[in-house]
Amino acid sequence: MENYLIDNLDKQILHALMANARTAYAELAKRFNVSAGTIHVRIEKMKQAGIIIGTQLTINTKQLGYDVCCFIGINLNNARDYPQTLIKLEALEEVVEAYYTTGNYSIFIKVMTKSIDHLQDVLINKIQAIEAIQSTETLISLQNPISRTVMP
């Protein structure tokens, strides 16, 4: 179902589910003055269109001891090294996001570690140990004041 255009009801449903993905269809139906069947059909259509791709659990990483968030810009020796480097980065549990970018870096990753010592170990013994990586630049995040997804 390509090119599914969302309307105001779809937007309201998405906003409600983004606030609480566990909201019951019946509650959404009551809130938006439609039937639960309508809610179900709309959500299924948005799933088929690839607008809704799942639900996710949000974890407070600090409560699990991950106090250091950083971003690392990676320069590769050769562009052809990208696929294999990505496989190696994906195998590192500390790497939580990766982007193939234009500009100063070939790859930009987000890394979560428990401490600066842990970060140093990951950088030296895991990331910089990947042969295809020519150089890295690390930016440590001091704060994450804005964290949201795109609003429909």
Side-chain angles (χ1 to χ4, degrees), residues 1-6 8-25 27-28 31 39-40 42-152:
M1 182 178 293
E2 293 181 28
N3 300 327
Y4 178 79
L5 297 175
I6 63 173
N8 284 336
L9 177 57
D10 292 328
K11 286 181 184 180
Q12 290 175 317
I13 292 168
L14 289 172
H15 283 244
L17 291 176
M18 288 168 68
N20 180 2
R22 297 180 67 178
T23 305
Y25 289 3
E27 183 180 328
L28 293 174
R31 187 182 312 173
I39 298 294
H40 177 75
R42 294 294 187 105
I43 290 173
E44 286 305 311
K45 283 184 178 179
M46 288 189 281
K47 284 180 181 177
Q48 289 172 6
I51 294 167
I52 297 174
I53 55 173
T55 57
Q56 83 183 50
L57 181 67
T58 303
I59 294 173
N60 183 338
T61 54
K62 287 202 178 289
Q63 290 298 105
L64 293 176
Y66 288 85
D67 288 329
V68 179
C69 170
C70 70
F71 300 90
I72 302 173
I74 298 173
N75 291 307
L76 298 175
N77 290 319
N78 293 294
R80 69 175 177 265
D81 294 329
Y82 172 72
Q84 283 302 98
T85 303
L86 190 60
I87 290 168
K88 290 175 181 174
L89 290 170
E90 190 173 22
L92 304 178
E93 67 182 29
E94 295 88 357
V95 176
V96 296
E97 294 180 26
Y99 301 89
Y100 192 37
T101 62
T102 62
N104 291 336
Y105 309 109
S106 305
I107 304 171
F108 202 69
I109 61 174
K110 179 178 176 181
V111 172
M112 297 295 299
T113 61
K114 294 185 178 215
S115 65
I116 294 296
D117 288 340
H118 183 194
L119 172 59
Q120 182 178 351
D121 177 61
V122 169
L123 267 171
I124 294 170
N125 298 316
K126 295 182 179 182
I127 295 170
Q128 292 172 345
I130 298 171
E131 282 188 36
I133 293 178
Q134 180 183 53
S135 63
T136 63
E137 181 178 359
T138 304
L139 305 158
I140 296 175
S141 171
L142 301 176
Q143 193 179 61
N144 181 203
I146 301 170
S147 179
R148 62 181 173 219
T149 188
V150 173
M151 294 303 280

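The chain is numbered in sequence order, starting from 1.
The neighbour count for Glu90 CD, taken as heavy atoms of other residues, nucleotides or ligands under 6.0 Å away, does not exceed 12.
For the pair Leu92 and Ile109, the minimum side-chain heavy-atom distance is 4.5 Å or more.
Rounded to the nearest 0.5 angstrom, Gln120 CD and Asn125 CG are separated by 8.5 Å. Separating the CG atom in Asn8 from the CD1 atom in Ile13 is a distance of 11.0 Å, to the nearest 0.5 Å. Atom CD of Gln12 sits about 9.5 Å away from atom CZ of Arg31, to the nearest 0.5 Å. Of the inter-residue distances, the one linking Met112 atom CE with Leu119 atom CG reads 11.0 Å to the nearest 0.5 angstrom. Rounding to the nearest 0.5 angstrom, the gap separating the CD1 atom in Ile72 from the CD1 atom in Ile133 is 9.0 Å. Between the CD1 atom in Ile74 and the CG atom in Leu89 there is a gap of 4.5 Å [rounded to 0.5 Å].
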Side-chain donor-acceptor contacts of residues 56-70 below 3.5 Å, not counting sequence neighbours, with atom names and distances?
from, atom 1, to, atom 2, distance (Å)
Asn60, OD1, Lys62, N, 3.1
Asn60, OD1, Gln63, N, 3.4
Lys62, NZ, Asp67, O, 3.4

Determine all donor-acceptor pairs shorter than 3.5 Å in which one atom belongs to a side chain in residues 93-100; sequence neighbours excluded.
from, atom 1, to, atom 2, distance (Å)
Glu94, OE1, Lys126, NZ, 3.3
Glu94, OE2, His118, NE2, 3.1
Glu94, OE2, Lys126, NZ, 3.0
Glu97, OE1, Tyr99, OH, 2.4

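For Glu44, the side chain to side chain contact (heavy atoms under 4.5 Å, CB included) partners are His40, Lys47, not counting sequence neighbours. Residues passing the side-chain hydrogen bond (donor to acceptor under 3.5 Å, both in side chains) test with Glu137 are Tyr105, sequence neighbours excluded. For Asn78, the side-chain hydrogen bond (donor to acceptor under 3.5 Å, both in side chains) criterion is met by no residue, not counting sequence neighbours.
Residue pairs that meet the salt bridge (Lys or Arg N to Asp or Glu O under 4.0 Å) test with at least one member in residues 10-23, sequence neighbours left out, are Asp10-Arg42.
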Applying side chain to side chain contact (heavy atoms under 4.5 Å, CB included), run through Ile140 and Ile116 and close with a yes or a no. CA-CA 10 Å; Ile140 296 175; Ile116 294 296; 3.9 Å; yes

Decide side chain to side chain contact (heavy atoms under 4.5 Å, CB included) for Arg148 and Met18; before the verdict, give the C-alpha distance in whole Å, the side-chain angles of both, and the deciding distance to 0.1 Å. CA-CA 10 Å; Arg148 62 181 173 219; Met18 288 168 68; over 6 Å; no

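Pairing each heavy atom of Asn20 with each of Thr23, the nearest pair is O-OG1, 2.7 Å. Smallest separation of non-hydrogen atoms from His15 and Pro152: NE2-O, 3.3 Å. Considering all non-hydrogen atoms of both residues, Asp81 and Leu76 come closest at C-CD1, 4.2 Å. The two atoms that bring Thr101 and Phe108 nearest to each other are CG2-CB, 4.0 Å, heavy atoms only. Thr85 approaches Ile130 most closely through the heavy-atom pair CG2-CG2, 4.3 Å.
Remark: the backbone N or O of Ile146 is paired with a side-chain donor or acceptor of Asn144 at under 3.5 angstrom.
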